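Keep in mind the model is a prediction, meaning the values are calculated, not measured. Just so we're on the same page: letters track the sequence lines, and every chain starts at 1.
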Amino acid sequence: MIMKRSFYALLAATVAMFLCAAPAAIGKEVLHVYNWSDYMDEGPGGPVSVFEKQTKIDVTYDVFDSNEVLEAKLLAGKSGYDVVFPSTNFIGRQINAGVFQKLDRSKLKNYKHLDKNILRVLEAVDPGNKYSIPYMWGTTGLGYNVKKVQAAFGGNAPVDSWDMIFKPENAAKLKECGLVMLDDPSEILSLTLHYLGLDPNSLDAKDYKEKALPLLNSIRPYIKYFHSSQYINDLANGDICAVIGWSGDILQSRDRADEAGAGVEVAYSIPKEGAGTWFDMIAIPSDADNVDNAHKFLDFLMVPEVIAGITNYVSYPNGNADAFPFIDKEIREDKAIYPSEETMKGLFTMKNMPPKVSRVRTRVWTQLKTGQ
Amino acid sequence: MVKLKWKKLLPSGRTTVIGIPFVWLLLFLVFPFAIVFKISFAEMAIARPPFTELFSFAEEKLSVMLNVGNYLFLFKDKLYVYAYLSSLKMAAGATFLALLVGYPIAYGIARAHPGIRNLLLLGIVLPSWTPFLLRIYAWIGILKTNGLVNNLLMKLGLIDTPLHMLHTDFAVFVGIVYAYLPFMVLPLYTNLVKLDESYLEAAADLGAKPWKTFIFVTLPLSKGGIIAGSMLVFIPAVGEFVIPALLGGPDTLMIGKVLWDEFFSNRDWPVASAVAIVMLLLLIIPMMWFHKHQTQEMETV
C-alpha cells in the first residue's frame, strides 16, 4: 500500500515538475527574436545586448538562412518567436495567411524616422504598412576574389557583366578556383530570366523549363556548390573565387578577408544588365507571447543611431532616412552598398509567386542540381 | 464513499507501469502518424496551417474531402521514384560499409579480455557524447579541399592536387558509417560475446582452417546480430537529411531532401505528408521482416 501511494506521489511530482517548468520564467521579461544569420552584431556591445541593458528584457536571439524555414515555422503557428524578419517576396502571402498582427503605431515613437519613399514602395506587399517595418535592403549580385578571377581570365575578367557567369566558356574558367551560387530558386531563376531578357517574375512554366533551365544546365558542370551562407567564409578564405550572392554578405566577406590579412581581396559588383533587389522586413507574429516587448524592440531598431550602427556592421543599407548621417562615410559612399541612380534603374524586384509557379521553380531547381 | 469510488476509477500501479510503453507509442507514433496521414489527403491553401480541412459540417451534412491527388502526383513525376530508390541504395551501401567496419570491431571486443571489454565498448560509445551535428561538421574540416586528409596526403607527397571528397556521395557514406557505427557494433557485440568458444574448438579439432571456421561457424551464428545491426543503421539512414545536406553534393538526391523541398520550398504540406507516408511504408517492410526473423530466432532458442 505504501509502495502504491509512493508511486502515485512520484507520478504526481513528475507531472507537477513538467507543469511548473513553463511558469518558472514568469516575472522575468523576455523576448524571442528570429533573424537572418550574420544580420547584426550578436556579441557584447551589439544592439541586442544594448537593448537588454536598457530595458532589462531578456532576449533570445536565433538565426535562419532561408525564408522557407521562417515561413514553415510561421505557418505551423506558435513558433515561439515575437519578432521575425521575412523578405518582401514572402511577406505578402504571409500577411494574407494571417500570420502577423497589426503594429500598434502608438508604441512606435521612432516610426517617423523611416524613409517615406521606401514605405511607399513597400505598400505593394503590405498595403498601408500595417504589419511590417523595413529593416535592411540589398541586391543580389556578383562577389569575386579579385586576384584569382583576373588570373583565370588573363587580366580582363568581365566582372561588370553577368556574361562572366552565364556564358559557359567564361564559367569554365572559374571552375578551377570555385564558382558558387545561392541555393535559392527564386533569386537565381529570376536573375536567369532577367539575363535572358524575360520577365524575372514570369508566370509561364515554359520560361523556366525551356529557357532558364537549359542556360543554367550549360554552366552547371562548373558550379562547385549551391549554398546561401557558406560562401561568406569560403570567399574570405580564398576557397572559392566567384559567387552569385547577397550584397551585404559579400561585403562582410570582404571585411573578414581584410581582417585576416592573408592577401585575399574580395569585391562586389552589380553587373550592368541589372540585378535583383529585396527588402527584409520586421514583423510580429499574430500569436506572439510578448507583444509589448516586441514593440519595444521594433522601436529600438528604428532609433537612427542604432540602425546606422547595424548598417556599419553588416554593410546593408537600411530603410531609415534619419540614420543616414550616422552611417560611416566609406559605407555611405560605397556604390556597391548604396548604388548610383543609374544602377538603381536597372534593379528588378522579386514578387510573390502563386503555388503552381513556386512548384515549377522548385522542380526546375531540383532538376538543375541533381540532373533528375 | 466518494473516496472509494475514486480509487476504483484509477488504474492499479501494475496497469500503469505496463501501460506506459503503450501510452508512449500512442502519443509519439500513432498520433503523429495519424496527423501526417490526415494532412496527406488535404489540399494546400494560403492559410495557417497551409492546408484545407478534410471534414466540414454544414447544413446538417458532414462532408469529407479526400484528395488522393497527392499520392498520384508522386508517380507522375519520376523524381520521387528516383529519390526513393537512390535513398535505399545509399542506405544499403552505407549499411554494408558499416557492417564491414563494425564486424571486426565487435569481434575484437568480444574476444578481448573480459576486464577491458567495457573500456573498449566505452570507446565505441564515447564519441556520441559530442553532439551529432558537431561530429558531422568535424568531417567537413577533415574532408574539405584544404582539410586534414588532403593536407596530409600532399605533405607526404602521395598526391599533387587535392582530392575532391567533400560534397560527394563518398562523404555521405563516410558520414553515415561514422555516425551509425555504434548501432552496428553494439548488437553485433552482444551476439558475438555469447558465442560458445567450444564450437570454434570443435571446428579446429576437425581440421577447419580459421577462415573456414569463421565463414561456416561464426558468421552463421552471428546472423541475428548482423540483421539487428543492419536494421538499426539502414532504417534511419534511408530518411537521413542532415548528413547528405552537410556532406553531400548538390546532386546527392535523397528522400529527406525531397521532403524538405516539398515542405519548405513548395509549402505543399499535403504532398510532403504523402512523401513521408510512402517512405514509412517502404521502411515498414524491412522492419516487419526483421521482426519476423527475431520471433523465429526466439522460438528456436
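Taking 4.5 Å as the limit, every side-chain heavy atom of H167(B) sits out of range of all side-chain heavy atoms of K224(A). A heavy-atom distance below 4.5 Å is found between the side chains of M44(B) and P355(A).
Each of A45(B), S86(B), A47(B) has some count of heavy-atom pairs under 4.5 Å with chain A, and the biggest count is that of A47(B). Annotation: maximal heavy-atom pairing with chain B below 4.5 Å, among Q367(A), E68(A), R361(A), occurs at E68(A). For the options D183(A), N96(A), D239(A), heavy-atom pairs under 4.5 Å to chain B are most numerous at D239(A). For the set I223(A), V99(A), L368(A), the count of heavy-atom pairs under 4.5 angstrom toward chain B peaks at V99(A).
Contact annotation for T366(A): only side-chain heavy atoms (C-beta onward) come within less than 4.5 Å of a heavy atom of chain B. Neither the backbone nor the side chain of V258(B) comes within contact range of chain A; no heavy atom of the residue lies under 4.5 Å from a heavy atom of that chain. Looking at S66(A), only its side chain comes within 4.5 Å of chain B, counting heavy atoms on both sides. Only the side chain of R220(A) comes within contact range of chain B, judged by heavy atoms closer than 4.5 Å. Using a 4.5 Å cut-off between heavy atoms, F51(B) makes no contact with chain A at all. Using a 4.5 Å cut-off between heavy atoms, T145(B) contacts chain A through its side chain alone, with no backbone atom that close.
Around atom CZ of F132(B), more than 12 heavy atoms belonging to other residues, nucleotides or ligands sit under 6.0 Å away. In K356(A), the NZ atom is not crowded: 12 or fewer heavy atoms of neighbouring residues, nucleotides or ligands sit closer than 6.0 Å.
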Cut-off 3.5 Å, no hydrogens considered: what does the side-chain donor-acceptor table look like for residues 27-41 of chain B, sequence neighbours left out?
unit_1: S40(B); atom_1: OG; unit_2: F37(B); atom_2: O; d: 2.7
unit_1: S40(B); atom_1: OG; unit_2: Y71(B); atom_2: OH; d: 2.7

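At a heavy-atom cut-off of under 4.5 Å, chain B is reached by no residue from residues 228-237 of chain A.
Closest of all the heavy-atom pairs between W269(B) and A72(A) is CZ2-O, 3.8 Å. Of all heavy-atom pairs spanning K78(B) and Q372(A), the tightest one is NZ-OE1, 4.0 Å. In terms of heavy-atom proximity, T370(A) sits nearest to P250(B) at CG2-O, 3.5 Å. Of all heavy-atom pairs spanning N266(B) and S358(A), the tightest one is OD1-O, 3.6 Å.
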**Item:** Verdict with supporting geometry, E262(B) and R359(A), side-chain contact (heavy atoms from CB on, under 4.5 Å)
**Value:** CA-CA 8 Å; E262(B) 288 301 339; R359(A) 176 168 280 287; 2.7 Å; yes
**Request:** Show the numbers, then the answer: is there a side-chain contact (heavy atoms from CB on, under 4.5 Å) between V69(A) and W260(B)?
**Result:** CA-CA 10 Å; V69(A) 171; W260(B) 199 97; 3.7 Å; yes
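One distance of note links CG of L246(B) with NE2 of H227(A); it measures 7.5 Å at 0.5 Å rounding. In this structure, CZ on F264(B) lies 12.5 Å from CG on N67(A), to the nearest 0.5 angstrom.
In summary, D251(B) and K369(A) do not engage in a salt bridge, as defined by a charged side-chain N under 4.0 Å from a carboxylate O. A salt bridge does not link E71(A) to R48(B): none of the charged nitrogens lies less than 4.0 Å from a carboxylate oxygen.
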